[in-house]
Amino acid sequence: MIIVLRPHTSRDLIEEVISEVAKLGYEPAPIHGATQTIVAAIGDESTHQNLESLSALPQVERVLRVQKRFKLASRESQPADSVVDVDGVKIGGGHFAMMAGPCSVESEEQLLTTARAVKAAGAKILRGGAYKPRTSPYEFQGLGKEGLRLLELARRETGLKIITEVLSERDVEHVAATADILQIGARNAQNFQLLIECAKSGKAVLLKRGMSERIEEWLLAAEYLLAHGNPKVILCERGIRTFETYTRNTLDLAAVAIAKKESHLPVVVDPSQGCGRSDLVTELCKGAVALGADGLLVEVHPNPAEAMSDGQQQVDFHAFRGLMEGIQPFLQATGRTL
Ligand code: PEP
Ligand code: MN
């Protein structure tokens, strides 16, 4: 950390800062300029007390952090890409995975026809919410345990891996009994107790970015999973809230590029929540793949007009086949295959 003192700070007050820095376990290294002194505090910021509280001293102008707040998630701690292996389906480090399926699990027929269609088009992982986080309590909340049973049925028939959302700590154990990947939704992106429970389950976790979450906060949420002993973490950009009304959210592809630079974790993109419009999903998938996203999470429904949630953004089977063909040149251009 670097502590910048106000111009013309007296010797005594400089000494006070130096001794506070030493008291907090850092080695102080003062640099005296013509009018201003800065004190470099040498030590590991992640194991020592934060020095930001020193800004409370009147002679301190600013306290600057040198190290990243996220450690295990950072490229500095691990330069090589992490590869998350979901029972043989790899994500990250040049391995691309398509995850597709309905927003909500609605019925056996809906789920199984979708599972067959997405598998035939090249998806390796079936998505489908059994527990749905709905804005209104009067909207379809998901089939719960029955939805999990149907997901298991779909896995048995197709061999697709399953990703499904877990909404609360009390559901982690039984959702993890079905899921190959636990999805943490945008609304729970900083529910740290839920993150810790998911980490303990040992299952791979796909961590969505919160609607108004900064990239640093997103990576710190991933740090919770890593710090609690689960290395199988996949980041997912799903759009953030902005002033724009043409789209449901603003898909932040720059965040994907930044997350991949800052972190070794695989980053996937959910263009469905990302824009909320089925007519844009394929184009956004192409952009995400071109940028190097390690996978996509796409909502697919046999008949989006009849969907019980998010009908406006789900693509039908025909459009999904087109999407899979459409991303091929972008996968090739970035050295990946399906
Ligand atoms: C979803 O994937 O259907 C979903 C609810 O996602 P998010 O948490 O990104 O809104
Ligand atoms: Mn949805």
Checklist entry - Considering only heavy atoms from C-beta outward, does the side chain of Cys275 approach that of Leu251 to under 4.5 Å? => result no
Checklist entry - Hey, are Lys68 and Glu216 close enough for a salt bridge, meaning a charged N less than 4.0 Å from a carboxylate O? => result no
Checklist entry - Shared ILVMFWY cluster between Ile240 and Leu253, side chains joined below 4.5 angstrom? => result no
Item to check | Salt-bridge criterion met for Asp81 and Arg75 (N-O under 4.0 Å) | outcome: yes
Item to check | Heavy-atom check, side chain of Glu106 versus side chain of His301, under 4.5 Å | outcome: yes
Item to check | Derivation and outcome, side chain to side chain contact (heavy atoms under 4.5 Å, CB included), residues Gln67 and Glu76 | outcome: CA-CA 10 Å; Gln67 287 176 343; Glu76 281 127 56; over 6 Å; no
Checklist entry - Would you call the rings of His174 and Tyr131 parallel, tilted or perpendicular if under 30° counts as parallel and over 60° as perpendicular? => result perpendicular
Next on the checklist: I want to check something: taking the side chain as every heavy atom from C-beta on, are Arg209 and Ile215 in contact at a cut-off of under 4.5 Å?
Outcome noted: yes
Next on the checklist: Working note: Arg127 + Glu165, criterion salt bridge (Lys or Arg N to Asp or Glu O under 4.0 Å); need CA distance, chi angles, decisive distance, verdict.
Outcome noted: CA-CA 9 Å; Arg127 66 148 286 152; Glu165 180 164 354; over 6 Å; no
Item to check | Gln314 versus Ser278, closest heavy-atom pair with distance | outcome: O-CB, 3.5 Å
Checklist entry - In this structure, are over 12 heavy atoms from other groups packed under 6.0 Å from Glu173 atom CD? => result no
Checklist outcome for this item: Between Gln273 and Asp270, the two heavy atoms sitting closest are CG-OD2, 2.7 Å
Next on the checklist: If you apply the rule side chain to side chain contact (heavy atoms under 4.5 Å, CB included), what do you find for Leu297 with Gln183, and how did you get there?
Outcome noted: CA-CA 11 Å; Leu297 181 69; Gln183 176 175 323; 4.0 Å; yes
Item to check | Taking every non-hydrogen atom, the tightest pair across Gly93 and Val83 | outcome: CA-CG2, 4.1 Å
Next on the checklist: Can you give me the closest heavy-atom contact between Ile3 and Val21, atom names plus distance?
Outcome noted: CD1-CG2, 3.7 Å
Checklist entry - Do Lys132 and Glu139 meet the salt-bridge criterion of a basic N to acidic O distance under 4.0 Å? => result no
Item to check | Shared hydrophobic cluster for Leu207 and Phe70 (ILVMFWY, side-chain gaps under 4.5 Å) | outcome: yes
Next on the checklist: Taking Ile184 as the starting point, is it possible to reach Leu220 by hopping between hydrophobic residues whose side chains are less than 4.5 Å apart?
Outcome noted: yes
Item to check | Lys71 NZ to Leu226 CG distance, which is reported to the nearest 0.5 Å | outcome: 12.5 Å
Next on the checklist: Counting only heavy atoms not in Arg170 (residues, nucleotides, ligands), do more than 12 fall under 6.0 Å from its CZ?
Outcome noted: no
Item to check | Within-4.5 Å side-chain heavy-atom neighbours: Glu283 and Leu280 | outcome: no
Checklist entry - When you look at Lys161 and Ile181, which way does the side chain to side chain contact (heavy atoms under 4.5 Å, CB included) test go after all the steps? => result CA-CA 8 Å; Lys161 307 299 171 207; Ile181 306 176; 5.9 Å; no
Next on the checklist: One pair to check against side chain to side chain contact (heavy atoms under 4.5 Å, CB included): Ile125 and Asp180. What are the steps and the verdict?
Outcome noted: CA-CA 9 Å; Ile125 300 167; Asp180 298 295; over 6 Å; no
Item to check | Residue of the set Lys203, Glu152, Arg155 for which side-chain hydrogen bond (donor to acceptor under 3.5 Å, both in side chains) holds with Thr178 | outcome: Glu152
Checklist entry - Is there a donor in the side chain of His32 and an acceptor in the side chain of Thr37, or the other way round, less than 3.5 Å apart? => result yes
Checklist entry - Is Lys200 close to Val172 at the side-chain level, that is, under 4.5 Å between some pair of heavy atoms? => result no
Item to check | Atom pair CD (Glu237) and CD (Glu213), whose distance is rounded to the nearest 0.5 Å | outcome: 10.0 Å
Checklist entry - Between atom CG of Asn249 and atom CE of Met211, what is the distance when rounded to the nearest 0.5 Å? => result 6.5 Å
Item to check | From Leu265, Ile234, Asp85, residue fulfilling side chain to side chain contact (heavy atoms under 4.5 Å, CB included) relative to Ile91 | outcome: Ile234
Checklist entry - Hey, any chance Val205 and Ile196 share a hydrophobic cluster, counting ILVMFWY side chains that come within less than 4.5 Å of each other, even indirectly? => result yes
Checklist entry - Is it true that Leu148 and Met308 fall in one hydrophobic cluster, defined by side-chain heavy atoms closer than 4.5 Å? => result yes
Next on the checklist: I'd like to know if the side chain of Ser201 reaches the main chain of Ala176, judged simply by a donor and an acceptor atom lying under 3.5 Å from each other, with no hydrogens or angles considered.
Outcome noted: no
Checklist entry - Do the side chain of Arg116 and the main chain of Glu157 share a donor and acceptor less than 3.5 angstrom apart? => result no
Checklist outcome for this item: The reported gap from CG in Leu195 to CD in Glu169 (rounded to nearest 0.5 angstrom) is 9.5 Å
Checklist entry - CG of Leu296 to CG of Leu323: how many Å apart, nearest 0.5 Å? => result 7.5 Å
Checklist entry - Is the number of heavy atoms from other residues, nucleotides or ligands within 6.0 Å of CD (Glu244) greater than 12? => result yes
Next on the checklist: Please give me the minimum heavy-atom distance between Ala293 and Phe96, naming the atom from each residue.
Outcome noted: O-CD1, 3.6 Å
Next on the checklist: Give me the atom names and distance for the closest heavy-atom approach of Val118 to Gly101.
Outcome noted: CG1-N, 4.5 Å
Checklist entry - From Lys119 NZ over to Lys124 NZ, what is the distance, rounded to the nearest 0.5 angstrom? => result 9.5 Å
